[in-house]
Amino acid sequence: MGQDNKIRENSIDCFIDRGGTFTDCIASYDVPPSKENPSGQKIVTLKLLSEDPAHYPDAPQEGIRQILELVTGETFPRDKPLDTRYLRSIRMGTTVATNALLERKGTPCALVITKGFKDLLKIGNQARPKIFDLSISRPDVIYTKVVEVDERVTLVGYANNPQGTYSGVDLNDPTLIKGVSGEYLRVLQPPNLDAIKKDLQEVHDSGIRSVAICLIHSYTFPDHEKKIADIAREIGFTHITQSSQLMPMIKVVPRAHSATADAYLTPCIRRYIDGFVSGFDEYLKERVRVDFMQSDGGLAPMDGFSGLRAILSGPAAGVVGYAMTSYSNDIKVPVIGFDMGGTSTDVSRFDGRFDHVYETSIAGVAIQAPQLDINTVAAGGGSRLFFRNGLYVVGPESAGAHPGPACYRKGGPLTVTDANLLLGRLQPDLFPAIFGPNEDQKLDYQATRSLFEEMLPNIVEHTGSGQISVEQAAFGFLKVANEAMCRPIRALTEAKGHDASHHILACFGGAGGQHACSVAANLGIKKVFVHRFASVLSAYGLSLAEVVHEEQIPSSAIYSEHAITDLRSRAESLKEKCEQALSGQGFSKEKGHIATEIFLNMRYKGTDTALMIPQPPDIVDGQRSWSFLEAFEDAYQQEFGFKLTNRDVIVDDIRVRGAGSSSGVSTETVYDEMKVLERVPVTGILSDQLSIKQVDVYFEGGHQKTNIYSLGNMAPGHVIPGPAILLDNNSTILIEPGWEGLVTKSQIVLNFGEWANYLDTGKEKAQMWSKPKIRTDVIDPIQLSVFGHRFMSIAEQMGRTLQKTSISTNIKERLDFSCALFSPDGGLVANAPHIPVHLGSMSHAVRFQMALWEGKLKDGDVLVTNHPQAGGSHLPDITVITPVFDGGNILFFVASRGHHADIGGISPGSMPPHSKELFQEGASIVGLKLVESGQFQEKSILKALVDDPAKYPGCSGTRCIKDVISDLKAQVAANHHGINLLRQLVNEYGLDVVQAYMVFIQKNAEDAVRELLKAKFKEVDGKPLHANDNMDDGSAINLKVTLDNNGDGSATFDFTGTSPQVYANTNAPPSVTYSAIIYSLRCMINSDLPLNQGCLAPVKVIIPERSFLNPSSVAAVVGGNVLTSQRLVDVILKAFGACAASQGCMNNLTFGIPAMVNEKGKRIDGWGYYETIAGGSGAGPAWDGQSGVHTHMTNTRITDPEIFERRYPVILHQFGLREGSGGNGLHRGGDGCIRDIEFLLPMEVSLLCERRVFSPYGLNGGENGQKGLNVWRRLIPKHKLNPLSPTAAAATAAQKTDYGKEDVSNGSNKDELSFQDLSLGGKNTVWVRSGDHIIINSPGGGGWGKK
């Protein structure tokens, strides 16, 4: 610019976002105010490659160098440190931490953790990421070494105590300690500091210099972590992360992950910052304020920037950018951010306040830190295009930067970018010529077209209408990509109680402008903002962000008037810390540059769903209101649709967020500008003058003439009717037919349908608004793919509603539920990937109710059932079915099935190991109207759940009826949400189309299964497949699969020879067998196929009557669902030779205390707990089995150890991998788990397990996995009876009368006590005393192939 005489020193602000491919730079600098520029501020932008080692070592540094030369006109040599005299501030967002985490290229670090938990982060929540993936893959842990510390702290009392957490506890006991959170605890084992020093010295000697420390319950008792940190510091570790300082929140798994991530990433950040600083002169820190963007949308000073807070640095800046430029505090229309890049798309939401999440998972690492709520879908400009199994598939694979899309002239595959090129939405003549070996060629249109033409015959084969053009195929891929990108937006809005259509879409990112109109239209959004800096909006957002400092401490207070004083005092202390920290960074409280906000993390007692509630804005007596309770209840109502009455509210954490504001790039509200802006339609002569050229662009229905304009030639007020293309230096904006683009000073505002106000188009407008009629007599693969996304999205949103509105641990936290849609004939259309054992059985339940209630149902009725003969799996799984009516006709069905904590029977938890008859397992409902004509039938459901089961000898009715009723209402709510979404779909496409594609999508799944069976027939030369296995009681499952030779890909699954019904509970109703078959077939289809009823269409199933796979209506079945189902899958996969056996069990554990009547005659409620425990998965022909993971027919989560001990009177001494339990082979089976639980009160404990007699088999020469083993480690006085004697057995049984009371062993001298290990077998109930342990050793998976 040559303006060196006009540029003052210390006047340039640089804002830089270093992305994975490009680094975006914006700078603002001071100039004398003028009429043309009254603000006295100018802006420059540039974009450069993030990696270009041939020209520069660091992209942000190079960007600043180029900015300095551009603004000042001076030369700043690359080989010399940059002169900082002109710089005032630098703000950066960076992907350094993100890339290090994704690529596992962080700093080697060690994890120090409580003894017994060295494998805790490997197991995590024990769920597998993809339920149909036999070769289960989970990201590796990021620490290099782990050190177990023999120390232990445990909480006193338990939250689920019906008489109060500390009932029976002497809080004056001098051995008790009050933690930071206010909870009482006891130190069981202080750390041996000498042993710790020795272990850490060995780690240090190995070359590791970074360490993360996370101990059980350190969130409230950090003392042991501090002592270990002091030792590590003394030894010479250069980076030490204490989880209690980093994020003092309960839940050890995400806290340990977070501490490890910080130790893994922060040294990388420090090295990067040191390298960055070295590129400047020695005055950088003295002259220039340098801040970095954190994941929470706030800036941190360079010296305080950590790896944990850096993971979403770049995307967070983009959220700040659109939030500050697209939202109006006057109009208050919420905004959806749509950031479409090369490999993925980020979506977020802003309604005047940033939405934060405090626990999430990134690259397999659970992160516990405040982050903006950003959802990512693997669909971007570089996402690859496939045609598989008759479906258009977009991603998740990406072409990457190398080779990139096919049109980049590097031999790359077809991508979304290629589809846009083929359709004319990208013009090679107007795209930079930077391709080819000499980087001087244009985009290769012919290469793109050739690959589409190669794909075309496969598409035509699956298109019912016959011929299809390459343009139609490319357009189909774009429709599917757009729908894929809408799914996370629907989850972000509709699943949280917001209507997506009542938002504005803010579109940015390099590829977003080409898809903005289509995505908005799919969501019913009629206004889109595309900022002039859309392609560099993350950099622009940095200019608008605030510097943030946060303080947080844990709490356990029950919110009340009494507690408010202490809560307020603690919050004010945190507030002072924030203000001091920001004052130290140069912000003035007196000048109003510092603002603080108080948050309370609140939840209802007995639930685990906490909401971070900001302090209400109301002013009371001159001060901010402390009416947090009302704010919490309002937020809970908005999020979940209901409130809980007569329930205490717990404050888990107190948080204060302080923000220091500073001037950035000035921004004018676009809404104010639009109010006064004079519109000028760009039509006729004006259009001819401004148009660069006119091209043919393909839209729905064919090519249309489309004008191309340069944004630089447009003036504020210009209204551009679609179709049109608007270009600037870094992006392309497609204005589709029916849309208009209004140019303002800061934004391009796209409006749907409004351009007719400026043009007299009459019929043309009506034509553009109309949706092309979709044929229902033939399958359109494009629509098939779109409807696949829509149906699955509805099922997923039903699941989110159920999870949110439920009360019980089983449904809300363990996620033991499933939701599904069904066609008018009761066939499964879409089942969200929840619990596999529910997959095939729910359609049996729907069809049974259709027959049972034929002609007796009306709108407003909701049915409930759980009986095995009515399509149920086992009694705790209750299914709620809602028919969808139009007039008197049933259009569809929706259903949800959830595992309820207790539905009566002979034992708490309704999972009795020794049940022989169905009535012993609790309430059984063949079919009942749960809701009739819109009225909840509480009286009849109470009779079915409480009164009827209690009529049987030794049985109880439902023990926690309030929770069961609440969860049933949640299932009704989930179904209702599904119905509303289905009706929206019908309104959008028409009933005939929706019903037709419900049939077509089942036909698509059927075709895929037929292809699988045809391939298997060819592989085995038509020979039948055989397999058998035995349950632990010796009962045999025999399977013969006959692959029909008529060429239609059908098969018969014949279980003839299977053992008779057993006088035990491992009987499985036929619906379980169907679930196992449909699951196994889906697993063997190696592509993303919708699972539905069509998978079973080619299959005939023969199950002998009165076998234990087809028992009588009174047979006990609770084990059939959780045990036999697993063995069925093993047998089916064995017949097909797919993989070795997995653990073949769910390792069901229940314990609890029943309701009692105290000495005063008052009833005291009981409680129960249920969990399933992971094991090893089977190896396959190309993979090792996974360790410590749930397999096949379940995928439930496990409770975090700290939550586990807070709620129940237990101590978890070990939860780790059972090393060596996986079968050996060319590919090893996965290892099982060890879970060691000590009980602090007498109570009933039940185990329902398999694979304790017969080992999980290896295949193709692989060795068997180890059997499981259940041990009762019983604490007994040395002088007492032999516990195996009849007298001792009688004494043990007598303990049933002393549930929940301390017994003598708890206070006895330990020298007088000893442990005796007793094997419990697979199925047993025992009455443990205080100090007893139950140790579950779950089975390993079988190996594959000879080593």
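Listed here is the closest heavy atom pair of Ile720 and Ala724: CG2-CB, 3.7 Å. Minimum heavy-atom separation, Gly741 to Leu750: CA-CD2, 3.8 Å. Taking every heavy atom of both residues into account, Leu690 and Met714 meet most closely at CD1-CE, 3.9 Å. Scanning both residues, Ala506 and Ser326, for their nearest heavy atoms gives CB-OG, 3.9 Å. Scanning all heavy atoms of the two residues, the minimum distance from Ala316 to Ile374 falls at N-CD1, 4.0 Å. Here the shortest heavy-atom pairing between Cys507 and Ala534 reads O-CB, 3.9 Å.
Relative ring orientation between Phe529 and Tyr671 is described as perpendicular, the plane-to-plane angle rising above 60° on a 0-90° scale split at 30° and 60°. Aromatic ring orientation, Phe477 versus Phe452: tilted (interplanar angle from 30° to 60°). Ring geometry for Tyr322 against Phe350 counts as perpendicular: the plane angle is over 60°, on a 0 to 90° scale with 30° as the lower cut. The aromatic rings of His703 and Tyr698 sit perpendicular, their planes meeting at an angle over 60°, well past the 30° parallel limit.
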- Message: Go through it in stages, so that I can follow the logic: the residues are Lys705 and Asp696, the test is salt bridge (Lys or Arg N to Asp or Glu O under 4.0 Å), and I'd like the CA-CA distance, side-chain angles, deciding distance and then a yes or no.
- Response: CA-CA 5 Å; Lys705 297 294 184 183; Asp696 286 330; 3.2 Å; yes
- Task: Mind running side chain to side chain donor-acceptor pair (under 3.5 Å) on Tyr540 and Thr45 for me, showing each step along the way?
- Result: CA-CA 9 Å; Tyr540 191 73; Thr45 68; over 6 Å; no
- Task: Evaluate the salt bridge (Lys or Arg N to Asp or Glu O under 4.0 Å) criterion for residues Glu453 and Arg449: first the C-alpha distance (whole Å), next the side-chain angles of each, then the deciding distance (0.1 Å), finally the verdict.
- Result: CA-CA 6 Å; Glu453 288 173 346; Arg449 189 172 188 90; 3.4 Å; yes
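Counting only heavy atoms from C-beta outward, the side chains of Thr706 and Arg425 never approach each other to under 4.5 Å. No side-chain heavy atom of Asp373 sits less than 4.5 Å from a side-chain heavy atom of Arg349. In this structure the side chain of Leu385 reaches within 4.5 angstrom of the side chain of Val394, judged on heavy atoms. Using a 4.5 Å heavy-atom threshold, the side chains of Glu397 and Ser383 count as separate. The shortest side-chain heavy-atom distance between Glu74 and Tyr86 falls under the 4.5 Å cut-off. Here the side chains of Ile7 and Tyr29 are in contact, with some heavy-atom distance below 4.5 Å.
Remark: the Tyr709 side chain and the Asn707 side chain contain an N/O donor-acceptor pair separated by less than 3.5 Å. Side chains of Glu736 and Ser518: a donor on one and an acceptor on the other come within 3.5 Å. A donor-acceptor contact under 3.5 angstrom links the side chains of Thr415 and Asp418, judged on distance only.
Note on Glu69 versus Arg65: salt bridge recorded, some NZ/NE/NH1/NH2 to OD/OE distance being below 4.0 Å. A salt bridge does not link Asp728 to Arg532: none of the charged nitrogens lies less than 4.0 Å from a carboxylate oxygen. Salt-bridge annotation for Arg679 and Glu740: absent, with no side-chain N of the basic residue lying under 4.0 Å from a carboxylate O of the acidic one.
Residues forming a salt bridge (Lys or Arg N to Asp or Glu O under 4.0 Å) with Asp429 (at least two apart in sequence, or on another chain): Lys442, Lys693. For Tyr445, there are no ring-ring contact (aromatic ring centres under 6.0 Å, His included) partners, not counting sequence neighbours. Taking the side chain to side chain contact (heavy atoms under 4.5 Å, CB included) definition, one finds that Ser710 meets it with Ile692, Asn713, sequence neighbours left out.
Applying the 6.0 Å contact sphere to CD1 of Ile685 captures no more than 12 heavy atoms from other residues, nucleotides or ligands.
Note that the OG1 atom of Thr94 and the CG atom of Asp17 stand 8.5 Å from one another [nearest 0.5 Å].
A donor-acceptor pair is defined here as one N or O able to donate and one able to accept, closer than 3.5 Å; no such pair exists between the side chain of Ser538 and the backbone of Pro315. Looking only at distances, a side-chain donor or acceptor of Ser785 sits under 3.5 Å from a matching main-chain atom of Tyr392.
In summary, of the residues considered (Leu523, Ile489, Asp351, Ile336), a side-chain contact (heavy atoms from CB on, under 4.5 Å) with His503 occurs for Ile336 alone. Applying side-chain contact (heavy atoms from CB on, under 4.5 Å) to Leu727 and the options Ile708, Ile733, Leu711 leaves one that passes, Ile708.
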